[in-house]
Amino acid sequence: MRKASVCGLALAVGMLAMGTAARAQNDATPADKERALAYLEKTKNGVVDATKGLSEAQWNFKTAPDRWSIAEVVEHLAAAEDLIRGLVQEQVMKTPAIEPRDPAEVKKIDDGVLMQVPDRSHKLQAPEPLKPTNRFGSPEEAEKHFVESRGTTEAYLKNTADLRIHAMDSPVGVKMDGYEWILLIAGHSERHTKQILEVKGDAGFPKS
(Lines give C-alpha, C1' and ligand atoms only; values in the text may rest on other atoms or scores of the structure.)
Protein backbone atom coordinates (compact mmCIF):
# COMPACT_ATOMS: atom_id res chain seq x y z
CA MET A 1 0.00 0.00 0.00
CA ARG A 2 2.79 2.33 0.96
CA LYS A 3 4.74 1.38 -2.15
CA ALA A 4 1.69 2.06 -4.34
CA SER A 5 1.21 5.47 -2.71
CA VAL A 6 4.85 6.41 -3.31
CA CYS A 7 4.61 5.30 -6.94
CA GLY A 8 1.39 7.27 -7.39
CA LEU A 9 2.98 10.37 -5.91
CA ALA A 10 6.02 10.00 -8.16
CA LEU A 11 3.76 9.65 -11.20
CA ALA A 12 1.78 12.76 -10.25
CA VAL A 13 4.94 14.80 -9.73
CA GLY A 14 6.30 13.57 -13.06
CA MET A 15 3.12 14.55 -14.90
CA LEU A 16 3.14 17.99 -13.27
CA ALA A 17 6.76 18.49 -14.32
CA MET A 18 5.94 17.46 -17.88
CA GLY A 19 3.08 19.96 -18.00
CA THR A 20 5.33 22.74 -16.69
CA ALA A 21 8.01 21.90 -19.26
CA ALA A 22 5.47 21.94 -22.07
CA ARG A 23 4.24 25.37 -21.00
CA ALA A 24 7.80 26.68 -20.75
CA GLN A 25 8.46 25.64 -24.34
CA ASN A 26 5.37 27.54 -25.45
CA ASP A 27 6.14 30.83 -23.72
CA ALA A 28 8.96 33.34 -23.62
CA THR A 29 11.70 32.04 -21.36
CA PRO A 30 13.56 34.25 -18.85
CA ALA A 31 16.49 34.21 -21.30
CA ASP A 32 14.14 35.36 -24.10
CA LYS A 33 12.93 38.26 -21.98
CA GLU A 34 16.43 39.27 -20.91
CA ARG A 35 17.52 39.28 -24.55
CA ALA A 36 14.59 41.43 -25.65
CA LEU A 37 14.97 43.84 -22.72
CA ALA A 38 18.65 44.31 -23.51
CA TYR A 39 17.78 44.98 -27.17
CA LEU A 40 15.05 47.46 -26.23
CA GLU A 41 17.47 49.32 -23.95
CA LYS A 42 20.30 49.26 -26.48
CA THR A 43 18.13 50.61 -29.29
CA LYS A 44 16.53 53.27 -27.08
CA ASN A 45 19.99 54.47 -26.07
CA GLY A 46 21.03 54.42 -29.72
CA VAL A 47 18.33 56.96 -30.56
CA VAL A 48 19.13 59.16 -27.55
CA ASP A 49 22.88 59.11 -28.23
CA ALA A 50 22.44 59.86 -31.94
CA THR A 51 20.34 62.96 -31.22
CA LYS A 52 22.22 64.33 -28.23
CA GLY A 53 23.03 68.05 -28.40
CA LEU A 54 21.46 68.72 -31.80
CA SER A 55 20.74 72.34 -32.73
CA GLU A 56 17.44 73.41 -34.28
CA ALA A 57 19.12 73.53 -37.69
CA GLN A 58 20.49 70.01 -37.23
CA TRP A 59 17.14 68.61 -36.05
CA ASN A 60 15.38 70.03 -39.12
CA PHE A 61 17.99 69.47 -41.84
CA LYS A 62 16.85 67.33 -44.80
CA THR A 63 19.16 65.67 -47.28
CA ALA A 64 16.46 66.23 -49.94
CA PRO A 65 12.97 67.76 -49.98
CA ASP A 66 11.31 64.32 -49.97
CA ARG A 67 13.50 62.95 -47.15
CA TRP A 68 12.76 63.07 -43.45
CA SER A 69 14.65 65.28 -41.06
CA ILE A 70 15.98 63.83 -37.80
CA ALA A 71 13.09 65.56 -36.01
CA GLU A 72 10.63 63.73 -38.26
CA VAL A 73 12.38 60.39 -37.75
CA VAL A 74 12.14 60.73 -33.97
CA GLU A 75 8.48 61.74 -34.17
CA HIS A 76 7.84 58.65 -36.30
CA LEU A 77 9.61 56.45 -33.74
CA ALA A 78 7.57 57.86 -30.85
CA ALA A 79 4.29 57.33 -32.70
CA ALA A 80 5.29 53.85 -33.90
CA GLU A 81 6.23 52.68 -30.41
CA ASP A 82 2.69 53.40 -29.22
CA LEU A 83 1.01 51.97 -32.29
CA ILE A 84 2.95 48.70 -32.52
CA ARG A 85 2.73 47.99 -28.79
CA GLY A 86 -1.01 48.69 -28.98
CA LEU A 87 -1.26 46.24 -31.87
CA VAL A 88 0.43 43.58 -29.74
CA GLN A 89 -1.90 44.21 -26.82
CA GLU A 90 -5.16 44.63 -28.72
CA GLN A 91 -4.70 42.29 -31.67
CA VAL A 92 -1.81 39.82 -31.43
CA MET A 93 -2.51 38.78 -27.84
CA LYS A 94 -6.22 38.33 -28.58
CA THR A 95 -5.68 35.78 -31.36
CA PRO A 96 -6.42 32.11 -30.56
CA ALA A 97 -3.59 30.24 -28.83
CA ILE A 98 -1.31 28.38 -31.22
CA GLU A 99 0.17 24.92 -30.81
CA PRO A 100 3.72 24.66 -29.41
CA ARG A 101 6.24 25.23 -32.21
CA ASP A 102 9.51 23.55 -32.94
CA PRO A 103 12.31 25.51 -31.19
CA ALA A 104 14.25 25.64 -34.47
CA GLU A 105 11.27 27.31 -36.18
CA VAL A 106 10.94 29.84 -33.33
CA LYS A 107 14.66 30.67 -33.50
CA LYS A 108 14.50 31.08 -37.28
CA ILE A 109 11.69 33.65 -37.00
CA ASP A 110 13.38 35.46 -34.08
CA ASP A 111 16.62 35.69 -36.05
CA GLY A 112 14.74 36.80 -39.16
CA VAL A 113 13.18 39.72 -37.27
CA LEU A 114 16.56 40.74 -35.85
CA MET A 115 18.12 40.68 -39.32
CA GLN A 116 15.37 42.01 -41.58
CA VAL A 117 13.80 44.84 -39.58
CA PRO A 118 16.98 46.93 -39.05
CA ASP A 119 18.13 46.34 -42.65
CA ARG A 120 17.90 49.65 -44.55
CA SER A 121 18.86 48.15 -47.90
CA HIS A 122 15.10 47.69 -48.42
CA LYS A 123 13.27 51.03 -48.26
CA LEU A 124 9.71 51.08 -46.96
CA GLN A 125 6.94 53.67 -46.98
CA ALA A 126 5.55 54.57 -43.56
CA PRO A 127 1.78 54.05 -43.22
CA GLU A 128 -0.26 57.25 -43.07
CA PRO A 129 -0.85 57.18 -39.26
CA LEU A 130 2.93 57.10 -38.67
CA LYS A 131 3.95 59.90 -41.03
CA PRO A 132 5.34 62.99 -39.26
CA THR A 133 2.84 65.78 -38.53
CA ASN A 134 4.63 67.56 -35.65
CA ARG A 135 2.12 65.90 -33.31
CA PHE A 136 4.39 66.36 -30.26
CA GLY A 137 5.16 70.03 -30.88
CA SER A 138 8.95 69.76 -30.88
CA PRO A 139 11.65 67.13 -31.48
CA GLU A 140 12.61 67.25 -27.81
CA GLU A 141 9.04 66.41 -26.79
CA ALA A 142 8.90 63.66 -29.41
CA GLU A 143 12.05 62.10 -28.00
CA LYS A 144 10.74 62.41 -24.45
CA HIS A 145 7.58 60.60 -25.53
CA PHE A 146 9.63 57.91 -27.26
CA VAL A 147 11.72 57.25 -24.14
CA GLU A 148 8.63 57.11 -21.89
CA SER A 149 6.80 54.84 -24.32
CA ARG A 150 9.83 52.54 -24.52
CA GLY A 151 9.66 52.23 -20.73
CA THR A 152 6.03 51.14 -21.08
CA THR A 153 7.05 48.56 -23.71
CA GLU A 154 9.74 47.17 -21.40
CA ALA A 155 7.30 46.91 -18.49
CA TYR A 156 4.79 45.14 -20.74
CA LEU A 157 7.44 42.62 -21.79
CA LYS A 158 8.46 41.97 -18.18
CA ASN A 159 4.92 41.52 -16.87
CA THR A 160 3.13 39.69 -19.69
CA ALA A 161 2.83 35.92 -19.91
CA ASP A 162 1.97 33.80 -22.95
CA LEU A 163 3.75 36.06 -25.47
CA ARG A 164 4.79 32.97 -27.43
CA ILE A 165 1.32 31.42 -27.78
CA HIS A 166 -0.40 34.18 -29.76
CA ALA A 167 0.69 35.03 -33.30
CA MET A 168 -0.41 37.18 -36.22
CA ASP A 169 0.65 37.93 -39.80
CA SER A 170 3.51 40.41 -39.97
CA PRO A 171 5.42 42.71 -42.35
CA VAL A 172 8.25 40.16 -42.60
CA GLY A 173 6.00 37.65 -44.36
CA VAL A 174 5.42 35.14 -41.55
CA LYS A 175 3.19 34.85 -38.50
CA MET A 176 5.01 36.44 -35.56
CA ASP A 177 4.21 35.80 -31.92
CA GLY A 178 3.85 38.55 -29.32
CA TYR A 179 7.48 38.26 -28.29
CA GLU A 180 8.67 38.60 -31.88
CA TRP A 181 6.53 41.71 -32.34
CA ILE A 182 8.36 43.25 -29.38
CA LEU A 183 11.67 42.38 -31.06
CA LEU A 184 10.28 44.18 -34.11
CA ILE A 185 9.69 47.32 -32.01
CA ALA A 186 13.34 47.35 -30.97
CA GLY A 187 14.54 46.54 -34.48
CA HIS A 188 12.43 49.36 -35.87
CA SER A 189 14.24 51.91 -33.70
CA GLU A 190 17.60 50.41 -34.69
CA ARG A 191 16.60 50.81 -38.35
CA HIS A 192 15.78 54.49 -37.88
CA THR A 193 18.88 55.18 -35.80
CA LYS A 194 20.80 54.17 -38.91
CA GLN A 195 18.69 56.68 -40.84
CA ILE A 196 19.56 59.42 -38.32
CA LEU A 197 23.25 58.63 -38.69
CA GLU A 198 22.90 58.77 -42.49
CA VAL A 199 21.44 62.29 -42.20
CA LYS A 200 24.25 63.36 -39.84
CA GLY A 201 26.81 61.96 -42.27
CA ASP A 202 25.52 63.98 -45.21
CA ALA A 203 27.94 66.58 -46.62
CA GLY A 204 25.37 69.32 -46.16
CA PHE A 205 24.57 68.56 -42.50
CA PRO A 206 24.93 71.79 -40.49
CA LYS A 207 28.08 72.09 -38.39
CA SER A 208 26.06 73.56 -35.53
Side-chain angles (χ1 to χ4, degrees), residues 36 38-92 109-154 168-176 180-208:
Y39 191 31
L40 287 165
E41 272 294 295
K42 177 184 176 182
T43 53
K44 176 194 75 178
N45 292 336
V47 173
V48 172
D49 290 345
T51 57
K52 193 173 293 181
L54 294 180
S55 67
E56 183 178 355
Q58 290 170 329
W59 274 115
N60 293 300
F61 170 78
K62 293 186 176 188
T63 60
D66 62 341
R67 300 294 184 182
W68 285 358
S69 66
I70 295 174
E72 289 173 324
V73 172
V74 172
E75 180 190 347
H76 168 75
L77 283 173
E81 187 87 14
D82 293 343
L83 187 145
I84 301 172
R85 188 184 61 251
L87 182 145
V88 174
Q89 294 170 305
E90 299 303 322
Q91 295 187 41
V92 178
I109 297 173
D110 286 3
D111 290 348
V113 173
L114 295 172
M115 277 186 10
Q116 291 180 47
V117 177
D119 180 6
R120 279 187 51 76
S121 64
H122 303 288
K123 305 299 184 186
L124 302 170
Q125 279 290 327
E128 205 60 41
L130 294 181
K131 289 182 178 178
T133 60
N134 195 32
R135 71 199 76 192
F136 300 107
S138 72
E140 292 83 5
E141 285 300 311
E143 184 165 276
K144 179 183 176 186
H145 186 94
F146 166 71
V147 170
E148 290 173 351
S149 188
R150 178 55 56 90
T152 303
T153 301
E154 291 180 0
M168 193 172 80
D169 290 338
S170 74
V172 300
V174 295
K175 282 189 181 291
M176 285 175 16
E180 289 154 352
W181 278 94
I182 290 175
L183 291 182
L184 181 145
I185 291 174
H188 179 251
S189 46
E190 181 181 358
R191 177 186 184 90
H192 286 291
T193 299
K194 293 177 181 179
Q195 184 178 5
I196 292 169
L197 296 177
E198 288 168 11
V199 175
K200 292 174 73 175
D202 187 85
F205 187 70
K207 302 292 184 187
S208 60

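Just so we're clear, the structure is a prediction, and the values are computed from it rather than from any experiment. We count residues from 1, following the sequence as given.
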With rounding to the nearest 0.5 angstrom, report the [atom1] to [atom2] distance, [X] to [Y].
X      : Y      : atom1 : atom2 : answer
Lys144 : Ser138 : NZ    : OG    : 9.5 Å
Met115 : Asp111 : CE    : CG    : 7.5 Å
Leu197 : Asp49  : CG    : CG    : 10.0 Å

Any chance [atom1] of [X] has more than 12 other-residue heavy atoms, nucleotides or ligands included, within less than 6.0 Å?
X      : atom1 : answer
Glu56  : CD    : no
Lys123 : NZ    : yes
Lys194 : NZ    : yes

Just so I know, are the side chains of [X] and [Y] near enough to count as touching, which here means a heavy-atom distance under 4.5 Å?
X      : Y      : result
Tyr39  : Leu114 : yes
Thr51  : Trp59  : yes
Lys175 : Met168 : no
Ser69  : Val199 : no
Leu184 : Met176 : yes
Arg67  : Phe61  : no
Thr63  : Glu198 : no
His122 : Gln116 : no

Under a 3.5 Å distance rule, please check whether [X] uses its side chain to pair with a backbone N or O of [Y] as donor and acceptor.
X      : Y      : answer
His76  : Pro132 : no
Glu143 : Glu140 : no
Glu75  : Pro139 : no

Open item on the list: For Leu183, run the side-chain contact (heavy atoms from CB on, under 4.5 Å) check against Val113, Ile109, Leu40 and tell me which one passes.
Closed with: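 Testing Leu183 for a side-chain contact (heavy atoms from CB on, under 4.5 Å) against Val113, Ile109, Leu40 leaves exactly one candidate, Val113.
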
Pair [X], [Y]: side-chain N/O donor-acceptor within cut-off below 3.5 Å:
X      : Y      : value
Glu81  : Thr153 : yes
Arg85  : Ser149 : yes
His192 : Gln195 : yes

Open item on the list: What verdict does the side-chain contact (heavy atoms from CB on, under 4.5 Å) test give for Ile196 and Val74, after you've listed the backbone C-alpha separation in whole Å, the side-chain angles of each residue and the deciding distance to 0.1 Å?
Closed with: CA-CA 9 Å; Ile196 292 169; Val74 172; 4.2 Å; yes

TODO: Before giving the answer on side-chain contact (heavy atoms from CB on, under 4.5 Å), spell out for Glu148 and Thr152 the whole-Å C-alpha distance, their side-chain angles and the decisive distance to 0.1 Å.
DONE: CA-CA 7 Å; Glu148 290 173 351; Thr152 303; 5.8 Å; no

Task: Stepwise side-chain contact (heavy atoms from CB on, under 4.5 Å) check, Glu190 with Val117 - done: CA-CA 8 Å; Glu190 181 181 358; Val117 177; over 6 Å; no

Task: salt_bridge(Glu41, Arg150) N-O dist < 4.0 Å - done: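 Salt bridge between Glu41 and Arg150, a charged N being under 4.0 Å from a carboxylate O: no.
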
Task: Glu72/Lys62 ion pair, N-O < 4.0 Å - done: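 A salt bridge links Glu72 with Lys62.
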
